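Only one structure is covered here, and it is reproduced in the block below.
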Amino acid sequence: MFTEFITALVLAAGPVHAVQPPDLAGVGALVDEYVSTVMAEEKIPGATVTVVADGRQVVNKGYGWADVERRIPVDPERTRFLIGSETKLFTAQAALQLVGEGKLSLDADVNAYLTTFKIRDTYPGRPVTLRHLLTHTAGFDEDYVVGSGADVRALGEALAASQPERLRPPGTGLSYSNYGVALAGYLVEIASGMSFEQYVDGRVFAPLGMEDSVIACGGLKDTRAYLVDGSATDVNCANFAASGAGPASTASDMARYLQAQMALDPRLGSGVAAQMQRQQYTEHPRLSGMGFMWEQMSYKGHRLLFKGGDMPGMHTSMFMLPEQGIGVHVMSNGDGTGRHGLDGFALVDKIVERYLPAARPPSVKALPGAAAGQYEGSYRSSRTSHGSLLKVQALTDSPVHVTATAGGGIETTGLGGGRKRWVQFEPGVFQEEGGRRRIAFPEPGQLAVDGGTVVFDRIGALDHPSLHLGLLAAALLASAAAVLGYPVAALARRRRSASPASPAGPRLPRLLAWAAGALVIVFAGGFGSLLADEGRALPLVLQGAPVLITLLVLASLTVPLAATLLACSAAAWRKRWWSTRGRIAYTLVALGVTAFATVAVTYNLVGPSFT
């Protein structure tokens, strides 16, 4: 216990670099074999890999094609890739430079700097600070704006127009926030008196010689981004460049940045790299947490710092093992069949396995007399949007489920794979049986994981996606029955011609039921095809594409139609329209459409305002 305590203090104090990094002899061949195999299997057009050891680039190579159609090969010196959220490292660095100059404060209310708009005072006495913004603890909802890539606004204007709700008091839980980091970028503009792009060009890129890196939109040049099916996408920017929507760089430029971070280079700003890499927030002392934008984790017994970036068709990841003096950077210009490009974690795993000594998992003992019943339930990521249509992602993301076991342990599903069993060795703190991963319950109804950028909040049965999926299944069944059944029934009545024609009143309710069912079927088919490929769906969201808006309008129409069908159903029973079987069938259709409308409202698919 004493040794673990001392180790924790050392890691908390700041980055420590190995005197003698391991000899990475043969790492080039290892990288070549891994990249060539994965690119072929995953159908990734192009990639770059950089490996740094002891301050030197031991690998910096390009693979495959920057542009498949024009057969332009990837060049680590010239080929630009969208770097996505890796830009957040530049934003944190810029803000900390200005903190060092006394122009910004980490712990002042951000409203002290804002003049054209203010952050809403949702939690009186709990203001949002720059420290919160740079550790993803400001408590903002994760809210994308439909159409944010079609008409890119100035940073301050975009922030003012799309301020999300604050869902939790700042500093009370990790929740990855693009808005929060973009707000930090705007503070850089205010404090420096120049645009974010100008500041980064002059104070971040220029000192390191990053001459081929750009923050402004449209800097991709000859590199194309490729989706799962191999088709190219041109969407490469949106609002909030400070969070990563548009910036591009080359492998060689990002290698320079990685080397500077590892060397704690003063060109990043006096003491800035050490600040960024030091743990600034954790949900629990037994868990790794956040630096300033660096995500921290314990990886096979080694301290690992990570920052990744994702844009439609492009993926990047940066890793540092500070104590071993090893850094890795990976870029790819295709989603691949796995939808996340070249897997940097898998490459780091191979390097760790070959070159670093195996570290045994820390030994823990089950807490005597512990119980775990209070932790049971289903938990959903704090990054789940509450206010935007991207909440629909929660329909396909299975919540984490926690079940208590004997001896105070728990079993989880949905947390990094299948079923896992965990030993409780401190109150509310668990370690994986036979492994080293840790999770904790820092407060009632909240689950935190080691190295995470979100917490998981407990949800009730009414919020569980299985219920909503069940409602959708019932709605689709009822709608299909209406779409197929009413025309067949009408044809049968016409052929019989034995009874006089029905009154005009009952015909209209049937027509409305058929129309509502058709809307449900068309929306489910169209929107379901979008959900099946997130890489293709996100550009449509950012562009506010007509096909997406049309689908959302169809979903919106089901709400008044559901109310009308319920009213018609009540009238049918009161006035004895149709046969008893007909009234039952109509009621089931009305309930099915109502179930769909309920889910549509729950997941923010209903307008009239979509942008």
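From a predicted model like this one, the values you see are computed outputs, not experimental measurements. FYI, the numbering just counts along the sequence from 1.
Partners of Tyr34 according to the side-chain hydrogen bond (donor to acceptor under 3.5 Å, both in side chains) rule, which considers only residues two or more places apart in sequence or in another chain, do not exist here. For Glu432, there are no side-chain hydrogen bond (donor to acceptor under 3.5 Å, both in side chains) partners at least two apart in sequence or on another chain. Residues passing the side-chain contact (heavy atoms from CB on, under 4.5 Å) test with Ala537 are Leu530, sequence neighbours excluded. The side-chain hydrogen bond (donor to acceptor under 3.5 Å, both in side chains) search around Tyr355 returns none, not counting sequence neighbours. For Glu77, the side-chain hydrogen bond (donor to acceptor under 3.5 Å, both in side chains) partners at least two apart in sequence or on another chain are Ser252. Ser378 pairs by the side-chain contact (heavy atoms from CB on, under 4.5 Å) definition with Pro399, His401, Ile459, His464, not counting sequence neighbours.
Contact between Thr87 and Ser243 at its shortest, heavy atoms only, is CB-C, 4.4 Å. For Pro73 against Thr79, the heavy-atom pair with the smallest separation is O-OG1, 3.8 Å. A pairwise comparison of heavy atoms in Leu342 and Val330 identifies CD2-CG1, 3.5 Å as the closest pair. The shortest non-hydrogen separation linking Gly46 to Val74 is CA-CG2, 3.9 Å. Heavy atoms only, all atoms of each residue included: Met311 and Gly84 are closest at CG-CA, 4.0 Å. Here the closest non-hydrogen pair linking Ala242 and Leu155 is CB-CD2, 4.4 Å.
Within the model, atoms CZ of Phe81 and OG of Ser332 stand 7.5 Å from one another, a figure rounded to the nearest 0.5 Å. How far CG of Leu287 is from OG of Ser298: 10.5 Å, rounded to the nearest 0.5 Å. For the atom pair CZ (Phe456) and CG (Leu174), the distance works out to 11.0 Å, reported to the nearest 0.5 Å. From Met290, atom CE reaches atom CG of Leu305 across 10.5 Å, with rounding to the nearest 0.5 Å. The structure places NZ of Lys391 at 12.0 Å from CG of Leu389, a figure rounded to the nearest 0.5 Å. Atom CG in Leu106 sits 6.0 Å away from atom CG in Leu96 (nearest 0.5 Å).
A donor-acceptor contact shorter than 3.5 Å is absent between the side chain of Glu197 and the backbone of Ile215. Ser388 places no side-chain N or O within donor-acceptor distance of the main-chain N or O of Ser385, the cut-off being under 3.5 Å. Side chain of Gln97 to backbone of Leu268: a donor-acceptor contact under 3.5 angstrom is found. Panel note: side chain Gln431, backbone Pro362; a donor-acceptor pair is recorded below 3.5 Å. Put simply, the side chain of Asn333 gets close to the backbone of Trp65: a donor and an acceptor are under 3.5 Å apart. With Asp141 contributing its side chain and His386 its backbone, the two residues share a donor-acceptor pair below 3.5 Å.
Pairs of residues two or more places apart, or lying in two chains, that qualify as salt bridge (charged side-chain N to carboxylate O under 4.0 Å, His left out) and include a residue from residues 243-259 are Asp253-Arg256. Pairs engaging residues 327-336 under the salt bridge (charged side-chain N to carboxylate O under 4.0 Å, His left out) rule: none recorded [sequence neighbours left out]. The ring pair (Phe, Tyr, Trp, His ring centres under 6.0 Å) analysis of residues 282-302, with sequence neighbours excluded, yields no pairs. For residues 79-93, the set of pairs meeting the salt bridge (charged side-chain N to carboxylate O under 4.0 Å, His left out) definition, not counting sequence neighbours, is empty. Annotation: side-chain hydrogen bond (donor to acceptor under 3.5 Å, both in side chains) contacts involving residues 39-51, sequence neighbours excluded, comprise Glu42-Thr337, Thr50-Asn60. Residues in residues 311-338 take part in these ring pair (Phe, Tyr, Trp, His ring centres under 6.0 Å) pairs, two or more places apart or across chains: Phe306-Phe319, Phe319-Phe345.
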Test Arg354 against Val27 for side chain to side chain contact (heavy atoms under 4.5 Å, CB included), laying out the working first. CA-CA 9 Å; Arg354 177 175 295 188; Val27 71; over 6 Å; no

Kindly determine whether Leu356 and Ile326 satisfy side chain to side chain contact (heavy atoms under 4.5 Å, CB included), including the steps that lead there. CA-CA 10 Å; Leu356 299 183; Ile326 297 175; 4.2 Å; yes

Given side chain to side chain donor-acceptor pair (under 3.5 Å), test Ser249 with Tyr257 step by step and report yes or no. CA-CA 11 Å; Ser249 185; Tyr257 192 80; over 6 Å; no

Run the side chain to side chain contact (heavy atoms under 4.5 Å, CB included) check on Thr412 and Leu447 step by step: do they pass? CA-CA 11 Å; Thr412 64; Leu447 166 63; 5.8 Å; no

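The closest side-chain heavy-atom distance from Phe240 to Leu159 is below 4.5 Å. Looking only at side-chain heavy atoms (C-beta outward), Pro170 and Thr129 stay at 4.5 Å or farther from each other. Two residues are said to be in side-chain contact when any heavy atoms from C-beta on lie closer than 4.5 Å; Ile44 and Tyr63 fail this criterion. A heavy-atom distance below 4.5 Å is not found between the side chains of Gln296 and Gln277. Between His136 and Met293 the shortest side-chain heavy-atom distance falls below 4.5 Å. Glu33 places none of its side-chain heavy atoms less than 4.5 Å from the side chain of Lys350. Within the 4.5 Å cutoff, the side chain of Thr384 has no heavy atoms near those of the Glu142 side chain. By the 4.5 Å heavy-atom criterion applied to side chains, Ile351 and Leu30 are counted as neighbours.
Remark: Arg78 CZ is loosely packed, at most 12 non-hydrogen atoms of other residues, nucleotides or ligands lying under 6.0 Å away.
The pair Lys61-Asp32 meets the salt-bridge criterion, with a side-chain N (NZ, NE, NH1 or NH2) lying under 4.0 Å from an Asp/Glu carboxylate O.
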